[in-house]
Amino acid sequence: MWTLYVAALPANGWNWIAVWRRNYLAWKKVALASILGNLADPLIYLFGLGAGLGMMVGRVDGVSYIAFLSAGMVATSAMTASTFETIYATFARMRAQRTWEAILHTQVTIGDIVLGELAWAATKASLAGTGIGIVAATLGYAEWVSLIYALPVIALTGLAFASLAMIVTALAPSYEYFIFYQTLVITPMLFLSGAVFPVNQLPGTFQKVTWFLPLAHSIDVIRPIMLGSPLVNVGLHIGALCFYAVIPFFLSTALLRRRLMP
């Protein structure tokens with residue numbers, strides 16, 4: 001049993017690049033539409049809530065509400081971009097298109113494929129998050145240089161959520177089951193993690209729950225960087241994101257080995 005699991009892990013440190021490159025070459029054909037699709041939802045939140053509620057709310061934590069919201073939307077866009085790439089596009093490559101089946105006839109292992117897929121999802125998350133950051137910087141809600149410092153955290157956020165979504169991909173029998181993950185996990189996390197309003201406005205019980213949410217840890221690093229505020233507990237937040245990136249990777253690899261190689 002253990003030997004079979006080890007055989008499913010990445011064979012080396014570079015095979016995953018071939019999987020990443022394959023996805024990149026396919027994505028290039030629809031790059032513009034893909035980028036616009038990833039930016040649409042966060043931008044709607046940014047301008048819809050920012051312009052509407054911003055007039056009533058005023059300033060939050062010493063900054064305008066739309067500036068507060070824009071930092072949350074950077075992390076949120078990374079979350080949604082990597083999640084949707086993993087639960088829909090990756091699932092299609094695994095099942096409907098049978099791309100994984102073809103790849104597994106080479107020296108590439110399941111672990112190599114999963115790692116390549118996660119890296120690709122993190123790449124798309126970086127593009128989406130940076131895109132929202134560029135909009136915020138253009139409108140004066142963040143400093144341009146802050147995007148450089150925030151980019152590694154955006155990429156790590158994408159990797160963490162892609163890794164979590166890969167578990168859902170490994171377990172879901174069909175596309176229809178992904179709506180449960182979106183509705184019961186992703187959407188509540190958006191409102192509980194401080195993206196739209198400060199966490200300290202939540203009831204005490206919910207404030208404790210936020211410590212276990214990867215999006216909250218991402219926002220607690222990205223928002224101070226973008227707003228020029230002091231970073232607090234940065235090691236804890238980065239460590240939590242790394243935990244959510246690494247542990248689900250090994251779990252999803254084991255689940256996919258059982259699903260694809262019974």
With sequence neighbours excluded, tell me which residues meet ring pair (Phe, Tyr, Trp, His ring centres under 6.0 Å) with [X].
| X | answer |
| --- | --- |
| W16 | none |
| W100 | none |
| F197 | none |

Open item on the list: Among residues at least two apart in sequence or on other chains, which ones pass salt bridge (Lys or Arg N to Asp or Glu O under 4.0 Å) with E117?
Closed with: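 Residues passing salt bridge (Lys or Arg N to Asp or Glu O under 4.0 Å) with E117: R93.
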Can you tell me how far [atom2] of [Y] sits from [atom1] of [X], rounded to the nearest 0.5 angstrom?
| X | Y | atom1 | atom2 | result |
| --- | --- | --- | --- | --- |
| T253 | I167 | OG1 | CD1 | 9.5 Å |
| K124 | T83 | NZ | OG1 | 12.0 Å |
| L156 | H217 | CG | NE2 | 11.5 Å |
| D112 | W14 | CG | CH2 | 10.0 Å |
| L251 | S163 | CG | OG | 8.5 Å |

Is the shortest side-chain heavy-atom distance between [X] and [Y] below 4.5 Å?
| X | Y | result |
| --- | --- | --- |
| L255 | L171 | yes |
| V19 | W120 | no |
| M94 | L260 | yes |
| N15 | P10 | no |
| S193 | T210 | no |
| H237 | L231 | no |

- [ ] Ignoring hydrogens and angles, tell me if any N or O in the side chain of T169 forms a donor-acceptor pair with the backbone of F91 under 3.5 Å.
- [x]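 Pair absent, no side-chain N/O of T169 close to backbone of F91.
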Open item on the list: Using a 3.5 Å distance criterion without hydrogens, assess whether the side chain of S70 forms a donor-acceptor pair with backbone atoms of A67.
Closed with: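 A pair under 3.5 Å: yes.
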For residues 129-137, run the donor-acceptor check on the side chains, cut-off 3.5 Å, and write out each pair with its distance to 0.1 Å, sequence neighbours left out.
unit_1, atom_1, unit_2, atom_2, d
T130, OG1, S126, O, 2.6

Task: Under the side chain to side chain donor-acceptor pair (under 3.5 Å) test, residues paired with E101 that sit two or more places apart - done: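 Per chain and number, E101 pairs via side chain to side chain donor-acceptor pair (under 3.5 Å) with R98.
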Open item on the list: Can you give me the closest heavy-atom contact between S252 and F249, atom names plus distance?
Closed with: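 In terms of heavy atoms, the two residues are closest at OG-O, 2.9 Å.
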Task: Non-hydrogen atoms of I87 and F178 that approach each other most closely - done: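 Heavy-atom minimum between the residues: O-CE1, 2.5 Å.
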Task: Inter- and intrachain pairs under salt bridge (Lys or Arg N to Asp or Glu O under 4.0 Å), touching residues 132-149, at least two apart - done: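 Residue pairs passing salt bridge (Lys or Arg N to Asp or Glu O under 4.0 Å), neighbours aside: none found.
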- [ ] In sequence, state the C-alpha distance, the side-chain angles, and the governing distance for Y244 and L213, and then conclude on side-chain contact (heavy atoms from CB on, under 4.5 Å).
- [x] CA-CA 9 Å; Y244 282 113; L213 303 179; over 6 Å; no
What side-chain donor-acceptor pairs closer than 3.5 Å can you find for residues 218-229, not counting sequence neighbours?
unit_1, atom_1, unit_2, atom_2, d
S218, OG, T157, OG1, 2.7
R223, NE, F68, O, 3.2
R223, NH1, G194, O, 2.8
R223, NH2, F68, O, 2.9
R223, NH2, G194, O, 2.9
R223, NH2, A195, O, 3.4

Open item on the list: Please determine whether the number of non-hydrogen atoms from other residues, nucleotides or ligands lying under 6.0 Å from atom OH of Y175 exceeds 12.
Closed with: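 Yes, OH of Y175 has more than 12 neighbouring heavy atoms, counting only those of other groups under 6.0 Å.
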TODO: Kindly give the cluster partners of V30, where membership spreads through any ILVMFWY side chain lying under 4.5 Å from a current member.
DONE: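 The other cluster members (ILVMFWY side chains, heavy atoms under 4.5 Å, direct or chained): none.
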- [ ] Hydrophobic side-chain clustering at under 4.5 Å (ILVMFWY, transitive links): who's grouped with V232? Put none if nobody.
- [x]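 Traced through the cluster, V232 reaches no other member.
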Open item on the list: The test is side-chain contact (heavy atoms from CB on, under 4.5 Å); show your working for L241 and F161 and say whether it passes.
Closed with: CA-CA 9 Å; L241 290 173; F161 278 99; 5.6 Å; no
Open item on the list: Under the rule for side-chain contact (heavy atoms from CB on, under 4.5 Å), what residues qualify as partners of F206, not counting sequence neighbours?
Closed with: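 Testing F206 for side-chain contact (heavy atoms from CB on, under 4.5 Å), a comparison that skips the adjacent residues, returns L192, L202, P203.
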Table please: side-chain donor-acceptor pairs of residues 180-190 below 3.5 Å, with sequence neighbours left out.
unit_1, atom_1, unit_2, atom_2, d
Q182, OE1, Y88, OH, 2.3
T183, OG1, I179, O, 2.8
T187, OG1, Q182, O, 3.1

